[in-house]
Participant: 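Before we start, here is the structure in question, set down as structure tokens.
Residue numbers begin at 1 in each chain, while the letters A, B, ... track the order of the sequences.
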Amino acid sequence: MAGQEEERGDTKKKFSIFDLPDVPMGQLPDHLQLHRTRVLCNNDAPIHTESVQYSGAYATVGVDNSLRFDHFRNNFRVEVVRLTEEDMEFDMVGIDAAIANAFRRILIAELPTMAIEKVLIANNTSVVQDEVLAHRLGLIPIGVDPRHFEYLSENDQPNERNTIVFKLHVSCKRGSPRITVKSDELKWLPNGSELVKESTPSDSASKPETYTSFSCSQETIPEFAKNPIAPKYPDIIIAKLGPGQEIELEAHAVKGKGKTHAKWSPVATAWYRMFPEVVLLEEVEDDLAEELKSKCPVDVFDIEDLGKG
Amino acid sequence: MGLKQEEILLSNNSINSNVGEIPIDKQKLAAPIKSALDKYQLVPEFLKVRGLVKQHLDSFNYFVNTGIKKIVCANDMIVSDVDPVFSSGLKMYAAPILVNIEYTQGSRGVKMRAEKNDLVIGRMPIMLRSCCCVLYGKDEAELARLGECPLDPGGYFIIKGTDKVMLIQEQLSKNRIIIDADKKGNINASVTSSSEATKSKTVIQMEKEKIYLLLNQFVKKIPIMVVMKAMGMESDQEVVQMLGRDPRYSALLLPSIEECAGINIYTQEQALQFLEAKLKRSMYADRASEKEGRALSILRVVFLANVPVRSDNFRPKCLYVAVMLRRMMDAILNKDAMDDKAKQVLRCHRSYLFKNSRSLRKHKRLCGEQASGAIWQLISLLFEDLFKTTITEVKRHIDTVLSKPSRSSALDPSLFLRTKEIITGGLERTLSTGNFDIKCFRMHRKGMTQVLARLSFIGTLGYMTKIQPQFEKSRKVSGPRALQPSQCYSLGVEDLELLSGEELHTPNSFLVILNGLILGKHRRPQHFAVALRKLRRAGKVGEFVSVFVNEKQLNKSVVVVYVGVRILVILKHICLRVVGMHIFWKLFDVELYLCADQLCVYIASDGGRVCRPLVIADKGISRIKEHHMKELLDGVRSFDDFLRHGLIEYLDVNEENNALIALYEGEATPDTTHIEIEPFTILGVCAGLIPYPHHNQSPRNTYQCAMGKQAMGNIAYNQLNRMDTLLYLLVHPQRPLLTTRTIELNATVAVMSYSGYDIEDAIVMNKSSLDRGFGRCIVMKRYSGVIQKYDNGASDRILRPQRTGVGSEKMQILDDDGIAAPGEIIRPDDVYINKQSPVITRGSRITSAEPLPDKVALSSDRNENPCIKILIRHTRRPEVGDKFSSRHGQKGVCGTIIQQEDFPFSERGICPDLIMDPHGFPSRMTVGKMIELLGGKAGVSCGRFHYGSAFGEPSGHADKVEAISETLIKHGFSYNGKDFLYSGSAAYALSFSLCPFLGS
């Protein structure tokens, strides 16, 4: 026993940092590489969650951590997994989470869309209060390309280049059953507002002044001539009317960004997630494998035959 | 913590049921019970029969139908001193109180009877949904047509346009002997007597070893022996014998006897003379009592008023005094023997008082009619006072008229009846201020009524079921955070068993006491109790009769038979006819004599006791079988049938002490006598809304009870038609995913530390969620203006608004009629009624931003002045500093509002609506909230509402955590509800639990 201890002491003495195999320059050791590229999901909390940004973080081992544009350009690729009218899912390979997050943030908050901003209520006898109604209208997505419009700044007159006007006039006759007002009742007014401003002195000669000053009909603009502007979905419930109730209003949609109000956000939500990797610490075989497979409700695991001999 | 709560509750029950300990097998609790019958259906059925505010309604109905008649009958004569002419009788009572009067006119010896019917003497405020209310008995459709909310419970008054609730008052039981110690340490035995004619308080006090009587009518303390002698018990030996043979008692009495002898009083006559000298001089001497001496009449009428004296037989009163003395001495003797125990005994007695009050709370939920006799008692006291004042007033008028030497016309007393609107004004004033100031009963209480807050439906219900405690002062625990009566479970019902067991005595003899009145003795109380129970279950005796046998260490038994007020007479009859042959026969067979002990059979018939229904079990087997429940579901069997067929019975506090009540059917042992219908019924309205309350630390539940009332939501179906002074509505109310009955908001919540703006319970909110309408609310506020008429004939008027010129810009929102148009946006300083008063022109102003008139109502007030009410609506979205709360007393203000892009999101793209700080959990120990979070998350993922009733796990009314976890796993979440979150602002991952849940 004693001898053995001595032996160990010897080996300790002999141990020298220089005897270790050389770390190949320009390559990170495995554990650092793991830290750099993976977030580990532990039982209580994930670890190594922060990516290493500093370009000289691994300078001592001769690894350049800087983000190089040409390198990124050569290695980055996007694969669209699913693309439907409402949904898009794509893989971005060779990108840092921070940049993916930037895309996400831009999608949510900085892409402009058109949304109803101003509601002029002529009559509203429904149970839905004016401001609630206006709020609901604001959240209705409008199927139009915002690139054809300009922002409406404070001093601008609403005109055909920055405002879309919709009209909603629904009434429920007395004695008839309740009706549901849906978004397809919103009618596009290509010639701008039809409501006359009260305060203007009504000269017989001049056209009465309305809340918008359109110089021409939006229908004459080639982009809208073929496909008229309408809410994206025709079946969004706006209000319900009982017998004898009526809603008459005009809604003015303008261009805006999700940062100002969520109604201008072009996406319901956008998110990214990191590519998941499940590492089995040991090989799982036979019944255990079956059990493992059945344990996961989203079918992550599959069993493959071991090629024996 | 959850388990601890459960244990406390269970052990409470075990104390209540007078057994040492129920062994709690936790495994058993968790295990599914095969034969557990779902008795839950009985609860809504019961509420249908009884209702949450039934006690108010019944109480008021009783007053209107019976109480008021009694009062008037008791005071139905007005006899003029000058010329006896007048008597009146009262017939009908509705909002206008009508009387029929009948009077005799006498002129020059010719007597003439005249009659006038249906004279209005005053107007009675009517309780909503009572039998006099127009809404009484209307079904849902009819109510809707009348513009009333079918869910509105009623039970309140509307006085001068505000809803007023009379709070249920806690009261000491009437006519019970209560042993107590005053500040100086003197032992008191007091009885608050109440009979229909008189109400008095009799105190017997031991001071410096001598025993005295304290009675209001006497100036000084009266030695008790003098009183005994005055009542005809002249022999000292007799008194001593009545106390018992034990020399200790006579020793205690000795100083008193000596004192009596010391002042040379040996006979009844001497004693009466002595008493006469001590009498208070009263202003109006009663003629009847003048003859036989006022002292005797006071002893007869006021002293221990609950014990009637028939044909001058004072013996019952003597016996009663002896019982009181005996009890007092027991307390003293025990104190001498062991100081600690004496204290305990005293505490016992007090706890007996509190027990009544506490159990009042505890059983509130299902207590039904018996909960409060107080409302009609109070109103009737008030009415009696006012009525008497009216009569005095009328009498004075008649006297002045009659005493005039020359009367031109015949006297018409009906003219005087409404001279000063005493009754109308008095009732209205009292009910609207809540200050009961009743002179003839020397009652001065404040805050008896409260404005019914209409901020939320739960708050309203909470008010309706609130109980005003009267012992608040004597309890140390009271304070702003003491348990709110209507809400929480009663914890710590201590020393219940000790309450009656403090003396020894000869076995096999039991006093029978009916409502504090000694009836006789009975030898076999157990048989008596069993027989009475059988009768009750057979429906022969009223449903609220309960029998209580207290078998203590010394094999003492107390049998308490309680009878509801209304069935007292019936019981007496039944007792004499049906029962009498078997039980009461024996009762009366025994000679009425006293032995010094407290082994009594109490028969009480006073109202205001609290009863709750329980399922009867025979040797631990529930009487309710599956087919019964099926019949209930099919609508064949009603709750009353369950009562009538002896499946369910009402137990009151005392009898509960005698029962062994199992929480669940599976826990029943052969000793079990009753089974709870559903354990969550011990909670009140507010506490019942908390999911998994039994997992929470109890103060949290208490806080939540208070906060639940502040919640916004819908208050009634007709909320948009109401003109409330202040109303908060949620724009998009939702049903909780974890089901209860509130309307609140479901929110996606992440529990994590984020941004530092969430310290100290603050909440971080998602701006996009707010943009999309999360937590948006509407505030309605009422402003009103009256067009006043003035004495000089002038009146206010409303003018057309100026459209041009100075001040016109303030009047832009006005219509041509000078009143604001609904829907116009109000800016600061806008005028909304352009009213001109005779002296100055003024308009009312409001200064908050962007509200708008929602509705304008024109009406007139009682004096026919036109009245304009404007409801101003203001929609608000949550802002920094707004308060939010979950259902677990975890409130927090909004600390900051953050854009969605900066908010964390999960791997599935779920972005929470708000973020809570996890530091709020460890110290608050709201495990129930954790479970609610889990349940809510499972609820959204599987699309099913989950349930979280209190104590509901064993009976299946609450989802178990295991089941919730399985659901979560099935839908690809972690079993513990945790999710992997990504930071929204920086590119790194975070992690913590993320669960959808609700808050308000």
Participant: Top residue by heavy-atom pair count (under 4.5 Å) with chain B, among H261(A), E110(A), R273(A)?
Facilitator: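 Greatest number of close heavy-atom pairs with chain B: H261(A).
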Participant: What verdict does the side-chain contact (heavy atoms from CB on, under 4.5 Å) test give for L40(A) and L34(A), after you've listed the backbone C-alpha separation in whole Å, the side-chain angles of each residue and the deciding distance to 0.1 Å?
Facilitator: CA-CA 9 Å; L40(A) 288 185; L34(A) 187 73; 4.2 Å; yes
Participant: Any carboxylate oxygen within less than 4.0 angstrom of a Lys/Arg side-chain nitrogen, looking at K232(A) and E85(A)?
Facilitator: yes
Participant: At a 4.5 Å cut-off on heavy atoms, which part of E907(B) comes close to chain A: side chain, backbone, both, or neither?
Facilitator: both
Participant: Flag the one option from A268(A), S265(A), A102(A) with the top tally of heavy-atom pairs under 4.5 Å to chain B.
Facilitator: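 Counting heavy-atom pairs under 4.5 Å, the top option is A268(A).
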Participant: Mind telling me whether Y982(B) and F905(B) have parallel, tilted or perpendicular rings, with 30° and 60° as the class edges?
Facilitator: parallel
Participant: Side chain, backbone, both or neither: which part of T260(A) has an atom under 4.5 Å from a heavy atom of chain B?
Facilitator: backbone
Participant: With rounding to the nearest 0.5 Å, note down the distance linking OG1 in T37(A) to CZ in F275(A).
Facilitator: 13.0 Å
